[in-house]
Amino acid sequence: MRLSQYFLVTTKETPADAEVVSHQLMLRAGLIRKLGAGLYTWLPLGLRVLRKVETIVREEMDRAGALEVLVPPQVPAELWQESGRFDQYGPELLRFKDRHQRDFVLGPTHEETITDMARRDVRSYRQLPLNLYQIQTKFRDEIRPRFGVMRAREFLMKDAYSFHVDAADLAREYRNMREAYRRIFTRVGVRFRIVKADSGPIGGDRSEEFHVLANSGEDLLAVSDASDYAANIEAAESLRPGPRPAAAAQSEPVATPTQKTCEEVAALLGVPLQTTVKLIVVRARGGGLVALALRGDHALNVLKAEKHPRVAAPLELAGDAEIEAAFGAPPGFLGPIGDKVPVVADHAAAALADFVCGANRAGYHQRGVNWGRDAREPEGADLRCVAGGDPSPDGQGTLSLVRGIEVGHIFQLGRKYSEAMHASVLDESGKELTPEMGCYGIGVSRVVAAAIEQCNDAAGIVWPEAIAPFRVILCPIGRDKSAAVKQAADTLYAELSAAGVEVLYDDRGLRPGPMFADADLIGIPHRIVVGDKGLGSGQFEYKRRGAAEARMIPATTADVIAALSA
RNA sequence: CGGGGCGUAGCUCAGCUUGGUAGAGCGCUUGCUUCGGGAGCAAGAGGUCGCAGGUUCGAAUCCUGUCGCCCCGACCA
């Protein structure tokens, strides 16, 4: 491709409304342009990258035995009402009415559509297993679109849905997809990690996420330093601590007139934060309140709390007035003493002896408190987010917290959708069988942003070779002045093109500075400079994007091709 | 949705407090010079100051409303 014939729109200045580096670079390098909040046009250069990711995904899905389909982005609301998700999914579901006032949704995923197809056309166990996928624009009425295409209202997603006669076959396909995903992200060329996940509103039993590791990631992951254990912090279990030490201290009140948080109290008393206990008062399932006790240095894991049988889901914090009525003290001075409301204690809080907590009296805390003596022996549960330094749940190593960008998610759904939508097949004995389902997603457009997030330097993008928009950029110096340069560059361009190398030829006649700056910014992996200097000794200059130094190579097409693969 | 901020040239922004004929840098066009890491000189194009009302002799500037965008919190590929 000749750049003079192309639509390359780069900018030197960083657009004001771009926060993360991938968004900035995608705008500066002319990959995308914003149409509205969370809506982006893919320009020619960006679309080439998107297509490359898409192609890798398609090839590996095909290789794994899945079959490509294409379903309508519009879905009649009845299908979503049938699965129950029309009401459950919430405001994030993009809905509209047509001229006849019929309800539709713009699909954020397509379990319903595919299950509907399956119940019509999949009649026999002989047709199973079946794994159908598509690569298509998905829609979400995001609360807050941000970070460019990373969290957009529209995005390109690969979604796959599989059907099986039993759970064992579902598990087999799940592993198959897991391996396919591993190959996909390896081929794309990003550093990633597979983590245990919560299945969220999609539902189902087992699920794992694929994360590209990057500091700008929106998700916190807990990873072991000694094994391959890794989990989204939402889903990471915490290990139960050892047995509780014996009580040694007397329980006594201490004045804490203005100290409401555990941090403030611990500082005032000069005790470690880990010896304090805080109460979080929430609505109980079936009415009333329940208090969740956590160690002062630990954070509540909302998803874990919502799964607890005593806690109402979605989690709702009690109001100040209710708390005062139940405890006789305002928030900030609450403790598990005095049987005010039922207490569920996180295992780590339950394992403390001689701890500090609120005295249920404004302006006072209580120290030397012990379960079973000063406070009723609590019900224990895993309620907290794991913290860096915790032992890994698999017993090997220590957890540390890192950030990741979720680019893939695989689920074993079970029969949630097939049951709700009455999809069934006849088994060998002629009896009805409700298939087990799996679903598998990849955020294709998000992968592009995630790759940039991981692969960039001060000058711009440094594309992994597999998804670079072009493989080589050809930069002639003084092409308009030197017949030798023009001749050599034109020939090299023609020969590389003929050899099937994706080459971008900068024939715009720019000065070297801007030309190199653009080449760096758009991140083409290999750069060949053709100039009078080198040609004088029969050489081209070769530089790998991201390499410190350029080197000279013989000025022949064969040597250039050899350098590309070196 | 709640909290905070911003809408002035293609981009980054000044001007607004104290109303008086719309600015800079970068980018773009043309010419000459220059040509190995974002050149110099000269000439030029480009803005209903987000939109709608209001106050005023006069509004980018003051007032009201409205729309859009960005950032912080609850969601997800």
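Bear in mind that the values here come from a model prediction, so they are computed numbers and not experimental data.
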Sequence-distant partners of [X], side-chain hydrogen bond (donor to acceptor under 3.5 Å, both in side chains), two or more places apart:
| X | answer |
| --- | --- |
| A:Arg178 | A:Glu208 |
| A:Arg403 | none |
| A:Thr14 | none |
| A:Lys196 | none |

Donor-acceptor contact below 3.5 Å, side chain A:Arg545 vs main chain A:Ile522: no
Quiz item: A:Arg508 side-chain donor-acceptor pair to B:G38 base, under 3.5 Å: no
Salt bridge (Lys or Arg N to Asp or Glu O under 4.0 Å) evaluation trace for A:Glu111 with A:Arg85: CA-CA 10 Å; A:Glu111 284 79 3; A:Arg85 286 209 296 178; 2.7 Å; yes
Those residues that, when tested against A:Ala484, pass side-chain contact (heavy atoms from CB on, under 4.5 Å) (two or more places apart): A:Ser482, A:Asp532, A:Leu535
With sequence neighbours excluded, residues passing side-chain contact (heavy atoms from CB on, under 4.5 Å) with A:Asn131: A:Ala66, A:Ala160, A:Ser162, A:Glu173, A:Met177, A:Tyr440
Could you go over nucleotides 72-74 of chain B and give all protein N or O partners under 3.5 Å, atom names and distances?
| unit_1 | atom_1 | unit_2 | atom_2 | d |
| --- | --- | --- | --- | --- |
| B:C72 | OP2 | A:Arg144 | NH1 | 2.9 |
| B:C72 | OP2 | A:Arg144 | NH2 | 2.4 |

Under 4.0 Å protein heavy-atom contact, by nucleotide of nucleotides 5-15 of chain B - B base, S sugar-phosphate only: ------BSS--
How far does the [atom1] atom of [N] sit from the matching atom of [M], given to the nearest Å?
| N | M | atom1 | value |
| --- | --- | --- | --- |
| B:A9 | B:G47 | P | 10 Å |
| B:G40 | B:C35 | P | 14 Å |
| B:A24 | B:U8 | C1' | 13 Å |
| B:U30 | B:G15 | P | 34 Å |

Contact list for RNA chain B against residues 40-59 of chain A - heavy-atom distance below 4.0 Å: none
Positions of residues 62-70 of chain A (non-hydrogen atom under 4.0 Å from RNA chain B), listed by number: none
Ring pair (Phe, Tyr, Trp, His ring centres under 6.0 Å) pairs, two or more places apart, involving residues 22-66 of chain A: A:His23-A:Tyr40
Phosphate contact (B:C70 OP1 or OP2) by A:Lys34 side-chain N/O below 4.0 Å: yes
Sugar-phosphate only, base, or nothing, as touched by A:Pro512 at under 4.0 Å among non-hydrogen atoms: sugar-phosphate
All ring pair (Phe, Tyr, Trp, His ring centres under 6.0 Å) counterparts of A:Phe104, not counting sequence neighbours: A:Phe96
